[in-house]
There are 8 protein chains.
Amino acid sequence: MANQPLVGIVIGSDSDLPVIQETANILEYLGVGYELTIASAHRSPGRVREWVKSLKDKGVEVIIAGAGGAAHLPGVIAAETTLPVIGIPMPTLYFNGQDSLLSMVQMPSGIPVASMAVGKAGATNAGVFAAQILALKHEAVAQALKKFKDELAQGVEKKAAKLDQLGIDKYIETM
Amino acid sequence: MANQPLVGIVIGSDSDLPVIQETANILEYLGVGYELTIASAHRSPGRVREWVKSLKDKGVEVIIAGAGGAAHLPGVIAAETTLPVIGIPMPTLYFNGQDSLLSMVQMPSGIPVASMAVGKAGATNAGVFAAQILALKHEAVAQALKKFKDELAQGVEKKAAKLDQLGIDKYIETM
Amino acid sequence: MANQPLVGIVIGSDSDLPVIQETANILEYLGVGYELTIASAHRSPGRVREWVKSLKDKGVEVIIAGAGGAAHLPGVIAAETTLPVIGIPMPTLYFNGQDSLLSMVQMPSGIPVASMAVGKAGATNAGVFAAQILALKHEAVAQALKKFKDELAQGVEKKAAKLDQLGIDKYIETM
Amino acid sequence: MANQPLVGIVIGSDSDLPVIQETANILEYLGVGYELTIASAHRSPGRVREWVKSLKDKGVEVIIAGAGGAAHLPGVIAAETTLPVIGIPMPTLYFNGQDSLLSMVQMPSGIPVASMAVGKAGATNAGVFAAQILALKHEAVAQALKKFKDELAQGVEKKAAKLDQLGIDKYIETM
Amino acid sequence: MANQPLVGIVIGSDSDLPVIQETANILEYLGVGYELTIASAHRSPGRVREWVKSLKDKGVEVIIAGAGGAAHLPGVIAAETTLPVIGIPMPTLYFNGQDSLLSMVQMPSGIPVASMAVGKAGATNAGVFAAQILALKHEAVAQALKKFKDELAQGVEKKAAKLDQLGIDKYIETM
Amino acid sequence: MANQPLVGIVIGSDSDLPVIQETANILEYLGVGYELTIASAHRSPGRVREWVKSLKDKGVEVIIAGAGGAAHLPGVIAAETTLPVIGIPMPTLYFNGQDSLLSMVQMPSGIPVASMAVGKAGATNAGVFAAQILALKHEAVAQALKKFKDELAQGVEKKAAKLDQLGIDKYIETM
Amino acid sequence: MANQPLVGIVIGSDSDLPVIQETANILEYLGVGYELTIASAHRSPGRVREWVKSLKDKGVEVIIAGAGGAAHLPGVIAAETTLPVIGIPMPTLYFNGQDSLLSMVQMPSGIPVASMAVGKAGATNAGVFAAQILALKHEAVAQALKKFKDELAQGVEKKAAKLDQLGIDKYIETM
Amino acid sequence: MANQPLVGIVIGSDSDLPVIQETANILEYLGVGYELTIASAHRSPGRVREWVKSLKDKGVEVIIAGAGGAAHLPGVIAAETTLPVIGIPMPTLYFNGQDSLLSMVQMPSGIPVASMAVGKAGATNAGVFAAQILALKHEAVAQALKKFKDELAQGVEKKAAKLDQLGIDKYIETM
């Protein structure tokens, strides 16, 4: 975990750790400090509120919350703060995270949660989106994001070149 | 509103009043006292908690919460009490209450919400189910429920007899 | 199985046993006596009715019914009694329990079934919710529930502390 | 209603009458006798069983049951008889009959319900399908069905000819 | 395959054979003769029509058709005959057979297909339902069905007795 | 209807005429000749086959088929020809055309149907897509398409300019 | 439109104006300058790119894009900038905006779009969320947001007081 | 890869290669030249546009684009060309490709994308459909398609004959 935390990350259950790891990884890659904890909107609501209250003093500017099923965590946090809250719908066993998505994206007028895609892609993008917000104030983050975006394009170029060279059958063998 | 309140009813928005009226009606019919208020899990979370804390002293034994969209209200209440919480998924403009249903039925292990059907049928049934719980302790409610159940069966008999008498085409004209 | 049965549990098929085991476990943990049987609304409807009729004499106060697909079992039971009926939508092969959920939550006005989440979380919560109902009359159950709720919050605290200590990568290794 | 009833039709609620009228109409058109009643699997389960038991003596050979929401009626009937049971999923306010369809089509192994389309098309087809079953024994029904099928094809021919003659814009004006 | 074929079974692809085997098994168990073939509504439409035309001469009285995805096979057959057509929605890789179900249950007014559940339960029930139709004319089938229905109820009784004897944990070990 | 028909359009029911009118309109606008008829895959399957067989002699190069519900028409046509078949999923009363879409897009390997959006947007696009195919051979169509695409962009420009000029409130008043 | 534009708003079609008006209204209420235009990802892709390129020079810090159906507009913009992009899924005729939601929330890893609720609630929340981002740098916006949040809670209090005073039946009459 | 490329194929990610291989295989089988590359609508939008611009000079007449999730690639290409664009919705982890399908089939009026089935069946059919378009100009492709269609029918005949010979149980053993 880099320097001073600008992002506060929270998940409702430790079973969400392998997904939220993507958020941690991309924030580290972009040089954005964060803190990460576990707090359940349903099993430990008091802990959630205390954590949210503690964030401004620590200098946290953006909140990322991942939750699954009746995924209230990001909405419950958004009710307690005016910091921007980004939600990651966690995959679920029987509804594949569609329950998680609807439980966080359909917030009522006045209390937004910014929803990302279900699962690891959403977890990475929550980190990128937090960085895009921070980049408005923090030039170093802006630079890191620009580099990251260039690398995304270059990654596609490299794969296209590899496909040109190997052809589809040999490329698939290397996967 | 009859006698001492045994049921606490809360909705997230006054737009839910025409639906929750069914709950009030059936409780009155069954002679069960209730109190009813508005409190939003997202717009007034503090008010929700205070209301929940006030219930035990008032003698309330069952809670009914109606909410729509990212319908966190019953789950947020269930997090703060061990009283039984019954949820009514309110109809929504774009998802017809399917978002409301998933947001309340998919609660995590340990913190149940008892979900009813979407809309007015669910609102009536929330009242009936609350009465079924109270009937375990309150004999007058048990008697009222038994009578209500008999009337349901008799209502079907009457309609069947009317259909026998009128035939389908004339019956439809009377609807 | 503890003392005198206050909860009657029924499943439609023995393939539901690994899920309903969660209900049995939590009831035992909370010190609530129960009885458990198998009866199918479709393959043995007479057996279902006889079982329901036998419950009041045994002192059963709450019914839990688990079923999958065209999951009629809880509704069929609710038609025959005024005891509160809690439904557990069982996971299904092709619809992931969404068919089971809709088949039990969308009950008509007058005959409620209290639906829990699909699968094991719902099975645990059916037990917790039954205990919440019983706690209104049985002080020992009320005490057990209070302790259980405290433990849920403590469980989250412990995991958060472990995460603080180990960091995310090492925590995941221990999972 | 023509001659001796070969088809027994039942609906769970009189609100289903305008849909089931299509079943009555097509059976009359095909010269198939029927009887029609109202009985709810949830509000009057005893009445449903008595009605089913009465059918064999009356000479009824096929059962048609229409129900909406947690649409248990056809399945509950199929549990009590070996006569073929045809189900019509009734349209519903919030799930458009998708709840009704899943509640009847997903019957467990051993107890079939033959599901038709949601709503009026399904109601007509329930009548046609009942007639197709009866036509195996009743030559007059077989003849009526053959004529009906020819008329369906001729109806399309007529509309195609009208379209050729009028062109699309004028045809739409006549609709 | 028993005696003279009363049921004609067709599937759109040999990948459906493991599912349709359930239909063959139950028909054999009930003593109903059948014939089984492969014909695709899309890849070999001419073959489908020839097969349908051949059925009446062979004495076939009921048709069962299984198909997946854009599952047109039962509907295409229903367009060519007035024999009753039963459809089995085959499971699919990405839509779990929900595409198959909608493609066959939503037939237009006038041309019914009787839809069963998705997959093996539906395949068994297609056979049972065909037997229920045939039982109206064939007493031996009626007897076999009655015995089958009794066995279903007895199977539940046996499992319930086993559960009483072993308790849930030991029962699960035997599964 | 302009000159020689290059596109053959067919709908399953005259109730689809107001939607298919969009296809006719755009083809006329692009100067592409077409013929239009009604033929049902289920009610008049023979008529469908005869119509398809007649198309090559008439010089038709692309087929557009609109159908709703168990929307087999485009797939049934694709089974009988190697001409490209474009499908328009028609809106339906209870499934909003989602049944129509799945019934045509999920065609099996080897027999493609090119699916457009549900309803009028899809009907327009079926015409545009047919023109895009024809433009590979017919230079006049290529020119017309290019002009049409430019007009689409200009239409957006005009609306943006109007919005700049009027502001949002006044613009809405003009709608 | 207040002072210097900090938010750039774009919609794909002028039919989205009545929804996006909510965004404009809340931004004006919060004292946040914005500019608003129409540009379609599909009909005028060049215009979209030019508009995005123009934003940094104008000092725009957050982008809000509303689109319906295959709602590519926010994603296409996110591909061209590192400014934060907020998406509003517009309601659609046949899928109620579920298509719009999935088309924008399921963005691939690396290119986030922050999705709001479908329709007007989402449009208001897009404005609130943009303000929450801007509040990190702009103290006046932070103050306005805090006041807005207090008013939301007070609004609930007022409605609850009105309900206490009037009772449910009279309250409904005033709606 | 045969002769001169008439089809341009593009996928958004190399993870789509095993699916798109079906497209390559069928085009080779039908003797249709193609070129294949990787370009992401979101990670490398500039590369997508350059590739599209390059196609006309190379003589490419049809474009096939496969993408998953917020699957904008075919729509983004359709915005930049009047060549026919065929879309393959790629399977996705949590929505099984239903997100991909809706993101490409629901294109707005004026800019069509021709959607195929989700996954490998859709990938094969994209190739077949491209060939059906090209067959209007290229007689060799027309001949190859005719032969392919005959082989499809013969393949069904062979399987049916094998089933006749072996019976169902032995046939399944050979699978």
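First the proteins, then the strands, lettered A, B, ... as listed; each starts at 1. Excluded from the calculations below are hydrogen atoms, water molecules and symmetry mates; all remaining heavy atoms, backbone and side chain alike, are included.
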**Request:** Examine whether an atom of C:Tyr171 lies under 4.5 Å from a heavy atom of chain A, and if so say whether it belongs to the side chain, the backbone or both; otherwise answer neither.
**Result:** side chain

**Item:** Contact summary for C:Asp164 and A:Leu36, nearest pair of heavy atoms
**Value:** OD1-O, 4.3 Å

**Fill in**
Between C:Val156 and A:Ser44, the two heavy atoms sitting closest are CG1-OG, 3.4 Å

**Asked** What are the residues of residues 6-25 of chain A, in order of number, with any heavy atom under 4.5 angstrom from a heavy atom of chain C?
**Response** A:Asp14, A:Ser15, A:Leu17, A:Pro18, A:Ile20, A:Gln21

**Item:** Contacts with chain C made by residues 60-78 of chain A (heavy-atom distance under 4.5 Å), listed by residue number
**Value:** none

**Asked** Do you know which of C:Lys159, C:Gln154, C:Glu151 has the most heavy-atom pairs with chain A at a distance under 4.5 angstrom?
**Response** C:Lys159

Just checking [X]: does its [atom1] atom have more than 12 heavy atoms from other residues, nucleotides or ligands closer to it than 6.0 angstrom?
{"X": "A:Lys158", "atom1": "NZ", "result": "no"}
{"X": "C:Lys137", "atom1": "NZ", "result": "yes"}
{"X": "C:Lys170", "atom1": "NZ", "result": "no"}
{"X": "A:Lys162", "atom1": "NZ", "result": "yes"}

Pairwise distance [atom1]([X]) to [atom2]([Y]) - rounded to 0.5 angstrom:
{"X": "A:Arg43", "Y": "C:Asp150", "atom1": "CZ", "atom2": "CG", "answer": "14.5 Å"}
{"X": "C:Glu157", "Y": "A:Thr37", "atom1": "CD", "atom2": "OG1", "answer": "8.5 Å"}
{"X": "A:Gln98", "Y": "C:Gln98", "atom1": "CD", "atom2": "CD", "answer": "6.5 Å"}

**Request:** For side chain to side chain contact (heavy atoms under 4.5 Å, CB included), just list the numbers for A:Tyr94 and C:Leu101, CA-CA rounded to whole Å, side-chain angles, deciding distance to a tenth of an Å, and then say yes or no.
**Result:** CA-CA 11 Å; A:Tyr94 300 117; C:Leu101 173 58; over 6 Å; no

